[in-house]
Visitor: 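Can you keep this structure in mind? I'll have questions shortly.
In this text the structure is predicted, and so the values were computed from the model without any measurement.
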Amino acid sequence: MINREETAAAIAQGRAILGIELGSTRIKAVLIDEENRPVAEGGHGWENRLENGIWTYTMEDIRDGLQDCYRRLKEDVAEKYGVRLTRLAAMGFSAMMHGYLAFDGEGRLLVPFRTWRNTMTEQAAKELSELFQFNIPQRWSSAHLYQAILNEEPHVQDVRFLTTLAGYIHWQMTGRKVVGIGEAAGMFPIDSAVKDYDQGMIDQFDGLIADRGYPWKLREILPQVLVAGEDAGTLTEEGARLLDPEGDLKAGIPLCPPEGDAGTGMAATNSVKVCTGNVSAGTSVFAMAVLEKPLSTYYEEIDMVTTPSGDPVAMVHCNNCTSDLNAWVGLFGEALNAFGVETDPDTLYGNLYRKALEGDADCGGLLAYNYFSGESITGFEEGRPLFVRKPDSRFNLANFMRTHLFTSLGALKDGMDILMKKEKIRLEKMYGHGGLFKTRGVGQRFMAAAIDAPVYVMETAGEGGAWGIALLASYMKNRAADEELAAYLNRAVFHGEDGISEMPDPADVKGFDAFMERYNRGLAIERAAVKQLD
């Protein structure tokens, strides 16, 4: 229970902590109190734009969005607590991972910001992956840099600093060219043993481009790597005015290392400990598992990143999750309305999702693909939503809903099977968040079946990455001596609570495996649909 008077005093005295995350469609600010509870927030909606074939945000978009988000936070503080926000105990910035922001020696942007969404680096990603024997996704900063080299783009000669969006914001606020290690892992491979870029691969990259004659070495243009808890600088006068043009915010506030949205998601779901993971399931779906040791080899389906503390993390990212499922639920809602039955979305989704629990373990022979777009895990550049059944399939509502819930996790399961069955990683707990888990006991149960591991859902999981980066700032400011991040989160934030658990049901696990045999055999049907339905 938040006490208004005590919270107002804490804010006025500069004891609150701020986290700001720049997501793909929303910039969000969260202010937390000394108990790490959110007490105020602000937001700003924005969209990337396609300019000259490049998905980008302008520098003006970034500046104006930050300022509007912070202004709305100030207004929320004033309305709720009657005080003006001037001082903070600590703060941190996060943003969508990856992408390409290249600057010259004078700090001038050389080409428009290339976001993670751009799929223009296929050749570079493939060549680097083969060189390093380490999967380099197209969205990584190093892939963008090498593709620019392959394309002989003239700006590469002038690059003196390469960073991500989170790293750029932090640089503007503090003057320091640093990134958190989780964010760094989306730029270039990390050696978790030394908590830094992999020097052997750095040397390989420099050797690869040696004949190009550039006046820089790769390490010279990359930001310095910091781990959670380290000092990442303080807010300068220029940074304070950039964030708060009204002039209320005072300089001198300590900042934690800037992190990407993957790292802040781990913090917000208490999944930074070895053998834990988290899965975010909504329009897209991705799962991350913190590993005890590196994988035995590299897989194109698996991205290797790290926790904010530098522990290796295997990430399975899929483009498609609930879009097709949502479309079918919407169709059922239309049918009800046609018969004069009005229902709210929560009831509609809840009843249909729970109906899936009555279905056959293997979905009764039904099959669906939820591919609104391409899916790299299964090798598709385009997708066509598809539902298929045989004449003797057990076609009923329960099996239909179960099929679409299963297929929303189908590509993810293919990736997770590499980790769980081939690499035999140990996963003690998986924390779920996102729309798929909103109906209690359904998406969570099927996720547990997909990975054959316990899945937990916490009420706080919906707080998001802005809360996650605020927690990382809190850790930097308030941790005990030598206290690890996982221990701090468990002690000071989550208080030992895991949320609601769902253990894998053996019948569900067996049924999901049977469904996946059908799913993988039927990919030829999906390929035919892509080819024939232009």
Visitor: Thr56 versus Arg114: any side-chain heavy-atom pair under 4.5 Å?
Guide: no
Visitor: Below 30° counts as parallel, above 60° as perpendicular, anything between as tilted: where do the rings of Phe286 and His317 land?
Guide: parallel
Visitor: So that I can tick it off, tell me whether Glu47 and Arg49 are bridged by a salt bridge, with the cut-off set at under 4.0 angstrom between side-chain N and carboxylate O.
Guide: no
Visitor: Is there a side-chain contact between Ser24 and Trp46 in this structure, where contact means two heavy atoms from C-beta onward sitting under 4.5 Å apart?
Guide: no
Visitor: Is any side-chain heavy atom of Ile136 less than 4.5 Å from a side-chain heavy atom of Met304?
Guide: no
Visitor: Could you check if a side-chain atom of Met187 sits within less than 4.5 angstrom of a side-chain atom of Thr164, using non-hydrogen atoms only?
Guide: yes
Visitor: Within 45 degrees of the ring normal and closer than 6.0 Å to the centroid, is that where the cationic atom of Lys438 sits relative to Tyr349?
Guide: no
Visitor: Using residues 223-233 as the side-chain source, report each donor-acceptor pair under 3.5 Å to any protein atom, sequence neighbours left out, with the distance given to one decimal.
Guide:
| from | atom 1 | to | atom 2 | distance (Å) |
| --- | --- | --- | --- | --- |
| Glu230 | OE1 | Val227 | N | 2.8 |
| Asp231 | OD1 | Gly233 | N | 2.9 |

Visitor: Would you indicate whether the side-chain heavy atoms of Asn118 and His144 approach each other to under 4.5 Å?
Guide: yes
Visitor: Using a 6.0 Å distance limit plus a 45 degree cone around the ring axis, check whether Arg117 lies over the aromatic ring of Trp55.
Guide: yes
Visitor: Do the non-hydrogen side-chain atoms of Val159 and Phe103 ever get within less than 4.5 Å of each other?
Guide: no
Visitor: Can you tell if the side chain of Phe437 reaches within under 4.5 Å of the side chain of Val279, non-hydrogen atoms only?
Guide: yes
Visitor: Can the positive tip of Arg479 be found less than 6.0 Å from the middle of the six-membered ring of Tyr475, inside 45° of the ring normal?
Guide: yes
Visitor: Between Val272 and Val290, is any pair of side-chain heavy atoms under 4.5 Å apart?
Guide: no
Visitor: Please work out whether the ring planes of Phe134 and Trp140 are parallel, tilted or perpendicular, with thresholds of 30° and 60°.
Guide: tilted
Visitor: Salt bridge or not for Asp248 and Arg71, using N-O below 4.0 Å?
Guide: no
Visitor: Just checking Arg84: does its CZ atom have more than 12 heavy atoms from other residues, nucleotides or ligands closer to it than 6.0 angstrom?
Guide: no
Visitor: Is the Tyr214 ring parallel, tilted or perpendicular to the Trp216 ring (thresholds 30°, 60°)?
Guide: parallel
Visitor: Given side chain to side chain contact (heavy atoms under 4.5 Å, CB included), test Gln444 with Leu436 step by step and report yes or no.
Guide: CA-CA 8 Å; Gln444 185 179 1; Leu436 186 71; over 6 Å; no
